[in-house]
Each structure stands twice: as structure tokens, then as C-alpha cells.
Amino acid sequence: LAKTTQPISMDSYEGQEVNITCSHNNIATNDYITWYQQFPSQGPRFIIQGYKTKVTNEVASLFIPADRKSSTLSLPRVSLSDTAVYYCLGLPSSNTGKLIFGQGTTLQVKP
Amino acid sequence: EAQVTQNPRYLITVTGKKLTVTCSQNMNHEYMSWYRQDPGLGLRQIYYSMNVEVTDKGDVPEGYKVSRKEKRNFPLILESPSPNQTSLYFCASSLTRWNTEAFFGQGTRLTVV
């Protein structure tokens, strides 16, 4: 199970591209990296997941280099509504299925 | 629409008065769980269920009960709520315990006075 490290907070302005990096030095061979978004007082929402190289969907892109020790969530042209906490996770606990949410990165988008 | 529905969204109750928070999913998921979220402590798992009639304790199960009589429903029961159970609660479901994509409910903000 990968232990993940992210910046506590980031600021950005509307229209900018935001990149949030997550470190996971001890990632296992079978670990996928998953990102969730959480708005205040709402449940976390799955955004994207990947194993290596680049994955893109309608919300974000995820870059994972060949060594897989880090990953970068890229949000293109953010708006005020992208203000949220973003979590980087490894696989669920194989015994309990628990998702390990760290502190996450609080992204504040300013006008 | 695929969703996890929790009720109620907000609840204020008094110490010792039994309450139930309901959770229902419409995706035929095997795995369901409950988390509580507190400032500075993040999301912590209370109980989980791998399938009907199969439930087990998570990291913070004291003061809570659950049941899984049907696949879609996973209620959280507080037999005798105490103020330290004041928190934001989330129900979640996923296809199996190994799936990374989980669906979370809207949350229940519980205040125990």
C-alpha cells in the first residue's frame, strides 16, 4: 500500500492550469494511483486513476513517470468551482477495502 | 443515475437518543463502508461490509453498529450517541473491496448535544 505525500495547499487563478504532485516512493508493483476531489461538506468524488504514463478524461489528466514514484494531477483552465480538496490514493487495503485518504491538497482558485 | 443516498443530511440530537443514518446504493455493489470526517483527523473508516450479512469493524467502530440485510442498504446505528460522535459521516460503495473507484453519499452532518 503506497504512502502518499502531497502539498497541503495551493493557490491559483481562474483560467490557469494547475498541477498537483503526489509522491509515493514505496508504491507497490500492483498499485494504481487514484485521485479524488472533495468539495466542502460533500463526499469525495473519484476523478481519475492510472498506472503509468498519461491518462486523460473530461475532468483532468494524470501523469505518472516511468519510475512511478510520483504522479501529477493536471487540471486545465481552472474555475472558481474547482476550489476543493484533492486527494491522491493508492490501492484500497487488501484486507478491509479501506481507502487511505491523507491530508489532501486544498486548492483555492481565485478570480 | 448511479448514486449513494444517505439520510438525513443534517441531524441534531441529544445524548443517549438512539438514531439511524440510512444508506442506499443502486449500483449492485458488493462493498459498502462508513467513514467519519473530523477536522485534522481526515476520513476514518467506521465499519465496512464485503457483502450481504458480512460486516466488520473499521478503525473507529466504538459506539456504532451496522447491518447488511440487503445488498443495497447499509444503515449506521448509534445506540446511545455521545457528543464525541458529532461529525460528518459518509457512506461509500464500490463494486468490490479491491476497486479504487468508490461512490460516496452526500454526507450526514450529525451534532450530538
Side-chain angles (χ1 to χ4, degrees), chain A residues 1-9 22 24 27-52 55 57-60 62 64 68 71 73 84-106, chain B residues 2-7 9-10 21 23 25 27 29-51 54-61 68 74 87-111:
Chain A
L1 189 64
K3 183 180 185 307
T4 60
T5 305
Q6 309 172 230
I8 296 292
S9 64
C22 175
H24 28 82
I27 189 170
T29 305
N30 63 339
D31 250 336
Y32 276 73
I33 294 300
T34 307
W35 285 81
Y36 279 77
Q37 174 192 56
Q38 185 179 25
F39 298 116
S41 296
Q42 292 188 30
R45 180 178 77 114
F46 173 93
I47 300 177
I48 197 166
Q49 79 169 28
Y51 185 76
K52 60 181 176 182
V55 179
N57 63 21
E58 65 278 5
V59 176
L62 178 60
I64 304 176
R68 303 197 337 112
S71 59
L73 177 74
V85 179
Y86 293 84
Y87 297 96
C88 163
L89 285 73
L91 283 175
S93 165
S94 59
N95 292 331
T96 68
K98 177 177 66 177
L99 294 171
I100 313 292
F101 287 88
Q103 288 181 305
T105 298
T106 299
Chain B
Q3 59 183 3
V4 176
T5 303
Q6 282 179 238
N7 280 297
R9 289 292 312 276
Y10 302 92
V21 183
C23 173
Q25 51 95 0
M27 296 165 279
H29 285 170
E30 288 186 353
Y31 184 85
M32 298 185 74
S33 61
W34 278 100
Y35 292 83
R36 60 178 288 175
Q37 187 171 33
D38 304 286
L41 297 176
L43 283 145
R44 295 178 292 168
Q45 191 182 55
I46 303 171
Y47 266 94
Y48 62 93
S49 169
M50 299 209 190
N51 215 324
V54 181
T55 63
D56 210 341
K57 297 176 181 178
D59 296 322
V60 288
R68 188 94 182 271
F74 190 45
S87 186
L88 181 56
Y89 292 87
F90 294 105
C91 178
S93 77
S94 56
L95 197 57
T96 69
R97 70 176 189 255
W98 297 288
N99 283 86
T100 54
E101 183 175 3
F103 292 78
F104 282 78
Q106 322 94 298
T108 296
R109 186 167 291 283
L110 173 66
T111 302

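Lettering follows sequence order; numbering is per chain, from 1. Just so it is clear, the structure is predicted and the values come from calculations on it, not from any experiment. Note that these values count all heavy atoms, side chains included, but never hydrogens, waters or copies made by symmetry.
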Could you label the plane-to-plane angle of the B:Phe104 and B:Tyr35 rings as parallel, tilted or perpendicular, counting under 30° as parallel and over 60° as perpendicular? tilted
What residue in B:Ser94, B:Gly105, B:Ala102, B:Gly42 has the most heavy-atom pairs under 4.5 Å with chain A? B:Ala102
Spell out, as yes or no, whether a donor-acceptor pair under 3.5 Å connects the side chain of B:Trp34 to the backbone of B:Gly58. no
CA sep, side-chain torsions, deciding dist, call: B:Gln25, B:Phe103, side chain to side chain contact (heavy atoms under 4.5 Å, CB included): CA-CA 9 Å; B:Gln25 51 95 0; B:Phe103 292 78; over 6 Å; no
What part of [X] gets closer than 4.5 Å to chain A, counting heavy atoms only: side chain, backbone, both or neither?
| X | result |
| --- | --- |
| B:Asp59 | side chain |
| B:Arg44 | neither |
| B:Gln37 | side chain |
| B:Ser33 | neither |

Measure A:Gln49 against the heavy atoms of chain B and call it side chain, backbone, both or neither at under 4.5 Å. side chain
Taking side chain as everything from C-beta outward and backbone as N, CA, C, O, which of these in A:Thr34 sits under 4.5 Å from a heavy atom of chain B? Side chain, backbone, both or neither. side chain
I need the single residue from A:Ile27, A:Val55, A:Ile64, A:Ile48 that forms a side chain to side chain contact (heavy atoms under 4.5 Å, CB included) with A:Ser71. Which is it? A:Ile64
When only pairs under 4.5 Å are counted, which of A:Tyr36, A:Phe46, A:Tyr87 shares the most heavy-atom pairs with chain B? A:Phe46
If you take all heavy atoms of B:Gln6 and B:Gly107, which pair is closest and at what distance? OE1-N, 3.2 Å
Assess whether atom CD of B:Gln106 is packed by more than 12 heavy atoms of other residues, nucleotides or ligands within 6.0 Å. yes
